[in-house]
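Take a look at the structure below.
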Amino acid sequence: MESLSMKIKVYFGSIAASATAILICNIINTDWDKTQLINLLVFGILAIASESLPVALPKGGYVTVSYSIFLSSLILFPLGVTLTAMALSGLLIFGKAGQEQPLYKRVFNASQYVIALSAAYAVIGFSGIESFQLDIQSFLFYLMAAIVYMIMNMTIVTIVLSLSSGRSPWSIWIGNFRWAVPNFLALVPLGFLLALLYKNWGPLGLLLLFVPLLVSRHSFQLYIDMRENYLNTVEALVQALEAKDTYTSGHSARVGKLSVTIGEAIKMNDEKIEFLKYAAVLHDVGKIGVSEVILNKQEKLMDMEWDSIRSHPVIGQKIIKGIKFLFDIGLVVRYHHERFDGKGYPDGLAGEDIPLESRIIAVADTYDAITSDRSYRKGRTHNEAVEELKRVAGSQLDPEIVDLFCKVVTEEVAQRVNAEHVPIV
């Protein structure tokens, strides 16, 4: 908690204080009896169990099947029961998930559950529905309440992520929305079914949904695992390339980072930045099909050897053609050596006919090539690289991307230099 900025601490404090006031008020106003205590015990245990079995998301954060439990509790019980059970689920997390969450994160999660559920309950209160019903009108209000909960939950989390990362809240919100919607569509129907079973058969009825809930969680985990396997394949391809060409070790990763820097500067959304990142990391993977003798040759290359080098974008496209965990990046890789004036290869595309991602990668690739050591020369300085980029802007490279890149990278270099107290060379 000490490492958090003051803005985040203030935000955490305000969320926790608001949630505490809401929770205490509703606990006091709830008519607690044996039935409500049993409801609290049953749904508290369910929620705690689901929160202890999260599925980690690729960009940080996680999802659980607790959404269905939250929804069913919201439409079945008084708000005091629901908020108490769900606050406990945020605080009491067991297993590996619990070990990864410090106390302040648990308090924040419990607090945002309380606030989001209270906002959702306001929709049900506005409808005048006093007990669980499944007519069309009631269903629509329950659905609206579920949507309000999702939006409030995402918004509260988005703000803290924006404060901690400095990124645009809207960009983060849209990225989270992309992952939240499939979870929402899968778990909301289970929430209604869970409420129906509990109302008619009590705790024993929940056993009928125990397996479907676990299957839902397992299916999403399999999807994440499959995606992770694809990313491992990407890393293996890059490592195979760098094992052949020792002089470009780390080049792909650096081009990936530089390309992401450009993507963020032009306000690409998270999905496109991820597209760009992996296309950039794989941009030279086609060199696997080029002889290492040619790749590491210190003398001037002959025409046939240059032809072999120039074949690597097409080879790269063929190698990664089947990698479609999020998108097909083959064309971006194929066109990263096209020139803005149309004199590049392999297809002689020009200007904006070249995909934006390919034009971005071309700038990042050129900068890193200039500043890195090669078998035939030493790398040049940052200032020399910027001067060269500006010289070829409009002919080899997209001039607008060059201007933006030079500005952003120069600012980053200056900040690093100031922090390290060393002169720019």
> Taking it one step at a time, do Y335 and R359 satisfy side-chain contact (heavy atoms from CB on, under 4.5 Å)?
Replying inline: CA-CA 8 Å; Y335 296 139; R359 284 179 273 146; over 6 Å; no
> Run the side-chain contact (heavy atoms from CB on, under 4.5 Å) check on V42 and Y198 step by step: do they pass?
Replying inline: CA-CA 10 Å; V42 171; Y198 191 77; 4.1 Å; yes
>> Using the rule given for side chain to side chain donor-acceptor pair (under 3.5 Å), can you reason through T371 versus R254, listing the C-alpha separation, both sets of side-chain angles and the distance that settles it, and then say yes or no?
In response: CA-CA 11 Å; T371 55; R254 292 193 299 271; over 6 Å; no
>> For E305 and I309: C-alpha separation, side-chain torsions, deciding distance, then whether side-chain contact (heavy atoms from CB on, under 4.5 Å) applies.
In response: CA-CA 6 Å; E305 292 170 329; I309 290 287; 5.8 Å; no
>> Between E264 and I273, does the side-chain contact (heavy atoms from CB on, under 4.5 Å) criterion hold? Intermediate values first, please.
In response: CA-CA 7 Å; E264 291 174 344; I273 286 178; 3.6 Å; yes
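Formation of a donor-acceptor pair under 3.5 Å by the S72 side chain with backbone atoms of I69 is found in this model. Here the side chain of N26 pairs a donor or acceptor atom with the backbone of I22 at under 3.5 angstrom. Under a 3.5 Å cut-off, the side chain of T82 and the backbone N or O of S73 do form a donor-acceptor pair. Between the side chain of E338 and the main chain of G348, a donor-acceptor pair closer than 3.5 Å is present. When atom types are taken as modelled, the side chain of S118 and the backbone of V114 share a donor-acceptor pair closer than 3.5 angstrom. Of the possible donor and acceptor atoms, one in the side chain of S111 sits under 3.5 Å from a partner among the backbone N and O of V107. Listed for the S308 side chain is no donor-acceptor partner under 3.5 Å among the backbone atoms of M304.
Taking CG of L91 as the start and CE of M86 as the end, the distance is 13.0 Å to the nearest 0.5 Å. Taken to the nearest 0.5 Å, the CD1 atom of I75 stands 11.5 Å off from the OH atom of Y121. To the nearest 0.5 Å, the span separating NZ on K272 from CD1 on I266 amounts to 8.5 Å. Of the inter-residue distances, the one linking E400 atom CD with L356 atom CG reads 10.0 Å to the nearest 0.5 angstrom. Interatomic distance, M144 CE to I147 CD1, rounded to the nearest 0.5 Å: 7.5 Å. Rounding to the nearest 0.5 Å places CG of L23 at 9.0 Å from CG of L79.
Side-chain contact between H382 and Y367 is present, with at least one heavy-atom pair separated by less than 4.5 Å. At least one side-chain heavy atom of V392 sits less than 4.5 Å from a side-chain heavy atom of S395. Looking at P346 and R334, their side chains come closer than 4.5 Å, going by heavy atoms from C-beta outward. A heavy-atom distance below 4.5 Å is found between the side chains of P313 and Y345. No side-chain heavy atom of L397 sits under 4.5 Å from any side-chain heavy atom of R339. Side-chain contact between I156 and F108 is present, with heavy atoms from C-beta onward closer than 4.5 Å. Looking at heavy atoms from C-beta onward, C406 lies in side-chain contact with L389 at the 4.5 angstrom threshold. In this structure, the side chains of N39 and L76 stay at 4.5 Å or more apart for every pair of heavy atoms.
Of the charged side-chain nitrogens involved, none lies within less than 4.0 Å of a carboxylate oxygen, so that D403 and K390 do not count as a salt-bridged pair. The residues R391 and E388 are annotated as salt-bridged, a charged nitrogen and a carboxylate oxygen being separated by less than 4.0 angstrom.
Of the listed residues (V188, L190, L46), just one forms a side-chain contact (heavy atoms from CB on, under 4.5 Å) with S68, and that residue is L190. For the side-chain contact (heavy atoms from CB on, under 4.5 Å) criterion with V332, the lone passing option out of L282, L276, I361 is I361. If you run side-chain contact (heavy atoms from CB on, under 4.5 Å) between F340 and each of I401, D398, V402, only D398 comes through.
Among all heavy-atom pairs drawn from L143 and F192, the shortest one is N-CZ, 4.1 Å. Considering every non-hydrogen atom in both A116 and N153, the closest pair reads CB-N, 3.9 Å. Of all heavy-atom pairs spanning A364 and S259, the tightest one is CB-OG, 3.5 Å. Here the closest non-hydrogen pair linking G286 and I315 is O-CG2, 3.5 Å. Listed here is the closest heavy atom pair of Y113 and Y149: CD2-OH, 3.6 Å. A pairwise comparison of heavy atoms in V81 and L40 identifies O-CD1, 3.8 Å as the closest pair.
Taking the six-membered ring for Trp and the full ring otherwise, H283 and H337 have centroids separated by 6.0 Å or more.
Side-chain N/O atoms of H312 and D284 include a donor and acceptor closer than 3.5 Å.
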